[in-house]
Amino acid sequence: MLKPVATDIDALKILDERLRWLSAWTIHHANHIRDNDDGLKVGGHQASCASMSAIMAALYFHALGANDRVAVKPHAGPLLHAIHYLMGTQSREALENFRGFGGAQSYPSRTKDRIPVDFSTGSVGLGVAITLFASLVQEYLTAHGWLDEADRGRFVALIGDAELDEGNIYEAIIEGAKHDVRNLWWIIDYNRQSLDATSADRMFERFDEIFQSCGWRVVELRYGKRLKASLDANPKLKSWFEGLSNAELSALHYQGGAAWRNRIDAEVGKPAAAFLKAHDGAALAALFTDLGGHCMETLVEAFDAAQDDIPTLFIAWTIKGFGLPFAGHKDNHAGLMNPTQALGLRDSMNVREGHEWEPLEGVGENARPGVEALIERSRIAREKRDRDFGSVSIPAIPAPPGEEQSTQAAFGRILLDLSKAGGELADRIVTTSPDVTVSTNLGAWVNQRGLFRRSEMADVFAREKIASAQKWGASNKGQHIELGIAESNLFLMLAAAGLSGDLFSRRLFPIGTLYDPFIARGLDSLNYACYQDARFLLVATPSGITLGPEGGAHQSINPPLIALGQPGLCHYEPAYADELAAMMEQAFRLIDDPAGESTYLRLSTRSIQQIDRADDSWRDGALKGGYWLREPGSNSEAAIVAMGAVMPEALAAWDELSEDLPGLGLLAVTSPDLLHRGWTAAQAKRWTGAREPSHVESLLSRLSRNAGLVTLADAAPASLSWLGGILGQRVAPLGVEKFGQTGSLADLYAAYRLDGNAITEAAAELLLQNGQ
Ligand SMILES: Cc1ncc(C[n+]2csc(CCOP(=O)(O)OP(=O)(O)O)c2C)c(N)n1
Ligand SMILES: [Mg+2]
């Protein structure tokens, strides 16, 4: 581990105060000084920042090494900006424009902030857990020879105490224990307040046990040096103090010296008489605020003492709003100082009017060189990392042979072939799955490439010569990270692995598999992964009611709609194996492309007759979101529009109907998401001069303006019904709107109206309307 730099406690204390001031002023400026044209609340969290300024000063100007990465609790964003402002890497303009368009973001953002942000935060709990998965990725890269020991770092999460209610944190530490994670520091800003009020007292005693049982060291920083000395000298006072509930403690911090005196006098009495005599009101208030998370000596000592790689939870006691007029008030979460209070703070911090933004304003001449030297010595990255980490050549991916196949089986086959062929892409692929590796057809790949574990895990069944198709041994050279059933962990794993280029300058190609309906279980984590531009391939299978007899709760209906609304994720739903091969090739390219994105493949276990292709002309359209599987006649009056696993029904209906409806087309939609995006993008472009029609407009303009479209998907009908809005054509939408029935495919398609009869009836209705 890196040796800590020589400490300079006084300079760190000054930096703590500078950070508290600059964060408070940044928020004040945005709310009370900057013009507000629309009268909308700007907001910001002065109390949440004040609570952690000492912790962040100790970290950024003392403890962090050059390779350490930090997830900062969302509401402490202004502190991170202030740190970079002190280092000269954040501009005053961005601070003045905090929460404004193009200004410093409300919550730290990897992609939108100009300063280096290691992990975006905002949705509480997720920023905490991603650090654990990033440390696992670090292990993976080192074990595979892609990251030198010297370039390894520690992963730090700065956590609000109320974040500990988020279950995803516990899912993560359980997974972390299985994988023996290390090099983690999670630091809780234990101010005992959440958004609504003070937090419940009951859980606190439990947190250390929970973490310890997952292999963590727990370090409680309850007292600062001065308070500890006073309380140790007076056991009665100490036990009284430790008996205060969270709400009582916060209220006392808010009320100040006189309240402390009255309560101690009334409740401790004589044993505290000398103590009370020795402290006036101001001294009492100051002493009781000397909690561990505000005491620089305590913080520095604790960080210096935890230089091994054991995952460590620091519980740093703090006061929400420390040093501000509303310190400890239960309603202070979004509380803002009024202008009078802000000016009062300014004066108390020796900041001259008109000099509020000066980085070291109020710092005496004597102290300045020491403070400047400490800022200079900070080892954290000043600038955003270079995103140029080279590119990987993506080979052409051929379609797996087979007259009849399902897209899920084809997926497994493609990965197996890639593995056997070898090469850079295959070596950079890392797969992961929450206990559905075998049932999503990753098994053959895992047989080839093995499970990843930091330490060797024997394949006991193989050793005992018990017949099994699945090898299940692990080594640190394996390429599959097996997770327990926790879909949020899957997405955080994909997020961390999908940022490996940005974090470690080595691009991985992560592939995660799960059952399609369970995307919803991890949805916020998926959104979180996309929000920070992590790159991965998500393979969701099986999907829809095409699952058949397994049915019921495993049916998925709305994921294509989720994908329609999810930025940073391209949805493809292939019907055929050759489409899938093209899409996987594209997905790998999008992972590698600096301007790319992640891909979601919605696959099926239904084995269907593959299609004879005359040429490759379908391919370009399939990658853009759709192509004519059966070309429409000129100015045709009708088309069937189908997606994915129900293509055989669409083809059969086309065969039957086209006798009566010459010119009937069959449009294979491969991505409603891309079609919709192309449509809106083309529309937006028209206002800036370009007049290119979108792909979907080109496809649909082959039909007459009042043509009827029968849309068909094993998904919510709204996935495709919007196509009628493009040129004003009429739509009969077929799809699935209810859960729960199991049965054979024929039964289910009949019951849910996804069969030939339904298509015929829908087409007839449309044409009747046409005739009217
Ligand atoms: C998933 C999620 N739910 C709700 C919120 C709204 N929210 C923001 S902060 C907060 C409470 C924060 O309390 P704590 O974590 O203790 O932070 P601090 O006291 O340091 O401000 C809540 C509920 C959120 N940001 N994310
Ligand atoms: Mg809190």
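Whatever order the structure lists ligands and atoms in, that order sets their numbers, starting from 1.
In this structure, the side chain of Arg34 engages the main chain of Phe98 through a donor-acceptor pair within 3.5 Å.
By the side chain to side chain donor-acceptor pair (under 3.5 Å) test, Asp524 is found to be paired with Ser123, residues two or more places apart in sequence or in another chain being considered.
Taking the six-membered ring for Trp, Trp25 and His32 have ring centres at least 6.0 Å apart. Aromatic pair Phe314/Trp185: ring centres closer than 6.0 Å.
Across the listed options Cys49, Gly122, Ser123, Gly122 owns the non-hydrogen atom lying nearest to atom 25 (N) of ligand 1. For atom 14 (P) of ligand 1, the choice among Ser199, Ala162, Gly321 with the nearest heavy atom turns out to be Ala162. Nearest-heavy-atom check against atom 23 (C) of ligand 1 across Asp196, Asp161, Leu195, Asn191 picks out Leu195.
Between Arg18 and Asp16, none of the side-chain N atoms (NZ, or NE/NH1/NH2) sits under 4.0 Å from a carboxylate O, so this pair counts as no salt bridge.
Ligand 1 has an N or O atom lying under 3.5 Å from an N or O atom of Gln193, backbone or side chain. An N or O contact shorter than 3.5 Å links Ser48 to ligand 1 by distance.
The two residues Pro311 and Arg182 have their closest heavy-atom pair at CD-CA, 4.1 Å.
Only the side chain of Lys320 comes within 4.0 Å of ligand 1, judged by heavy-atom distances.
Ranking the protein heavy atoms by distance from atom 9 (S) of ligand 1 puts His75 CE1, 2.9 Å first.
The Mg ion (ligand 2) has Gln193 among its coordinating residues (N/O/S atom, backbone or side chain, under 2.8 Å).
Rounding to 10°, one obtains 90° for the angle at the Mg ion (ligand 2) between OD1 (Asn191) and OD1 (Asp161).
Counting heavy atoms from C-beta on, the side chains of Ser250 and Lys320 never come closer than 4.5 Å.
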